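One structure is given here, and the rest of the page talks about it.
Numbering of ligands and ligand atoms starts at 1, following listing order. Excluded from the calculations below are hydrogen atoms, water molecules and symmetry mates; all remaining heavy atoms, backbone and side chain alike, are included. Here the structure is a predicted model, which is why all the values come from computation and not from measurement.
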Amino acid sequence: MHVLITGGAGFIGSHLAESLLDRGYKVTIIDNLSTGSFSNIRGIENNPNLKILIDTVTNEMLIEKIINECDLIYHLAAAVGVKLVMEQPIFSLENNILGTEIILRLAARYRKKVFIVSSSEVYGKSSQDSFKESDDLVIGATIFKRWAYAASKAIDEFMAMAYYHEQNTPVIIVRLFNTVGPRQTGRYGMVIPRFIDQAYKNEDITVYGDGKQSRCFTYVEDVTKSLISLSEKNEAIGNVINIGSDEEVSILDLANRIIRMLDSRSSIRFIPYNEVYGQGFEDMHRRKPDTSLLRSLIDFNDLVSLDNILKIIIKSKGF
Ligand code: UDP
């Protein structure tokens, strides 16, 4: 089995590559190192079953050659993180839409199974208790940059479904909910690595807004295991599938837990959203997945708890 991972030097892609190599798969990674980094794949770079290509998914000739040779594609290459999308909206939109268009077109041409990795961002500011794949998407106005990422991922999903319906391309769309674990960087705004670094240095913990917003953090290896199990399920094809834990935590509670775990002297500093992202920024108050579809397809139990996730990340940083 030969698998192509676009964005394979990124945080999730590199963990997925490791899991696939552990199972004896042949893996090709393509990554332009824009948000990914070579250090993420240091541990596997000498594996004889791994090929690393530092290039972009918009290099259509190269992508065509690899897709022709591989059996399965995980398309993870994308601009990630609210911070990056707020700072570079053109780059984010172009990359997310154009990259997916190329991958889908070539997967369709060579009839290869392809995972389009989407995000819980697409649910937007919906206020439901938990989000189901068939729910309406409640995305804000186009004058607010934040929603550009959600809109680009929604377009990717529509495009993938169009290929499935019109050309019978075997696509599987997954929506990931706040995936976290070792090697995730806080550089693009992600909250857990940021809080852990701040607490370790006894600096103020930067809680945006009132900290009452909540998230369900999912351990990266629970996500990669699910991605691999889904690839073996024909019933997954043509579906949009949430992948995420249902353990909900408020951002303020998260900050306090991290302070306690690191025995830190940090204080909590509440920062209004407009000071971070400018006027008119809208955050999501809650974001919890309904995973009944996922559980009907694969075993999705015994997930790593948030406390254990935090311990693993803290240890991986050597703190
Ligand atoms: N957040 C925060 N302080 C930070 C970084 C993020 O309070 O230094 C908040 C952010 O506003 C959001 C939550 O933490 O409500 C999760 O942010 P992240 O960027 O990790 O993921 P998101 O859920 O926004 O995609």
Side-chain angles (χ1 to χ4, degrees), residues 10-12 35 78-89 92 96 117-127 130-131 137-140 144-154 174-201 203-220 223 242-259 264 266-289 306 309-310 313:
F11 157 58
I12 302 174
T35 54
V80 287
V82 174
K83 187 164 176 278
L84 177 69
V85 176
M86 293 297 289
E87 285 166 6
Q88 297 181 46
S92 306
N96 293 358
V117 178
S118 183
S119 161
S120 56
E121 270 278 318
V122 296
Y123 289 106
K125 44 189 173 169
S126 167
S127 59
S130 65
F131 298 150
L137 309 181
V138 189
I139 293 173
F144 300 127
K145 286 184 284 189
R146 193 237 159 95
W147 302 113
Y149 180 66
S152 71
K153 286 291 180 183
V174 287
R175 291 183 181 156
L176 307 188
F177 282 68
N178 292 81
T179 305
V180 293
R183 303 202 292 262
Q184 185 177 42
T185 161
R187 212 175 310 141
Y188 307 108
M190 276 63 167
V191 69
I192 289 188
R194 285 172 60 81
F195 282 7
I196 289 178
D197 289 342
Q198 291 165 344
Y200 180 70
K201 294 181 198 150
E203 292 171 354
D204 283 355
I205 308 278
T206 55
V207 170
Y208 301 160
D210 60 9
K212 287 190 186 142
Q213 71 273 33
S214 65
R215 295 292 185 270
C216 295
F217 294 99
T218 316
Y219 188 54
V220 64
V223 172
N242 287 336
I243 303 181
S245 152
D246 54 13
E247 185 184 349
E248 200 172 357
V249 65
S250 75
I251 298 304
L252 182 56
D253 183 11
L254 176 73
N256 283 316
R257 282 199 211 193
I258 292 174
I259 289 175
S264 164
S266 292
S267 307
I268 288 176
R269 181 155 54 96
F270 292 94
I271 309 180
Y273 288 113
N274 58 15
E275 273 182 33
V276 189
Y277 294 124
Q279 280 302 329
F281 179 80
E282 299 176 298
D283 198 8
M284 286 136 168
H285 195 60
R286 284 183 77 195
R287 192 199 262 168
K288 184 177 173 188
L306 178 60
I309 295 174
L310 295 175
I313 300 175

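What sits closest to atom 8 (O) of ligand 1 on the protein, heavy atoms only, is R194 NE, 2.7 Å. Given atom 24 (O) of ligand 1, the protein heavy atom at minimum distance is V82 CG2, 3.7 Å. The nearest heavy-atom contact from the protein to atom 13 (C) of ligand 1 is I251 CD1, 3.6 Å. Counting protein heavy atoms only, atom 19 (O) of ligand 1 is closest to G189 O, 3.5 Å.
Close contacts between ligand 1 and T206 involve ligand atoms 2 (C), 3 (N), 4 (C), 7 (O), 8 (O) [criterion: under 4.0 Å to a heavy atom]. Atoms of ligand 1 found under 4.0 Å from any heavy atom of Y273 (numbered from 1 in listed order, with element): 11 (O). Residue M190 has at least one heavy-atom neighbour below 4.0 Å for each of these atoms of ligand 1: 19 (O), 20 (O). For ligand 1, the atoms closer than 4.0 angstrom to any heavy atom of N178 are 21 (O), 22 (P), 23 (O). The D283 neighbourhood of ligand 1 comprises atoms 11 (O), 12 (C), 15 (O), with distances under 4.0 Å to a heavy atom of that residue. Near Y208, with a cut-off below 4.0 Å to any heavy atom, the atoms of ligand 1 are 1 (N), 2 (C), 3 (N), 4 (C), 5 (C), 6 (C), 7 (O), 8 (O), 11 (O). In the vicinity of Q213, heavy-atom distances shorter than 4.0 Å reach the ligand 1 atoms 9 (C), 11 (O), 15 (O). Against a heavy-atom cut-off of under 4.0 Å, V207 is close to the following atoms of ligand 1: 7 (O).
Using a cut-off of 4.0 Å between Lys/Arg side-chain N and Asp/Glu carboxylate O, D283 and R146 are scored as salt-bridged. Electrostatic pairing of K125 and E282 counts as a salt bridge here, judged by a charged N lying under 4.0 Å from a carboxylate O. In this structure, K201 does not pair ionically with D197, as no charged nitrogen and carboxylate oxygen lie closer than 4.0 Å.
R286 pairs in a side chain to side chain contact (heavy atoms under 4.5 Å, CB included) with only one of the listed residues (S214, S130, S250), which is S214. Each of T206, V207, D204 was scored for a side chain to side chain contact (heavy atoms under 4.5 Å, CB included) with I271, with one residue passing: T206. No option in I309, L306, T179 other than I309 meets the side chain to side chain contact (heavy atoms under 4.5 Å, CB included) test with Y219.
Under 4.0 Å from ligand 1, the heavy atoms of R215 that appear belong solely to its side chain. Within the 4.0 Å heavy-atom criterion, the part of R287 lying near ligand 1 is the side chain and not the backbone. Contact annotation: for V191 versus ligand 1, heavy atoms closer than 4.0 Å belong to both the backbone and the side chain.
The two residues P289 and C216 have their closest heavy-atom pair at CD-SG, 4.0 Å.
Figure legend: cation-pi geometry between R287 and F177 absent, as NZ or CZ is not positioned both under 6.0 Å from the six-membered ring centre and within 45° of its axis.
With hydrogens and angles ignored, the 3.5 Å screen pairs a side-chain donor or acceptor of S264 with a backbone N or O of A199.
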Inset, instruction - Test side-chain hydrogen bond (donor to acceptor under 3.5 Å, both in side chains) on E87 and Y277 and set out the steps. - result: CA-CA 9 Å; E87 285 166 6; Y277 294 124; over 6 Å; no
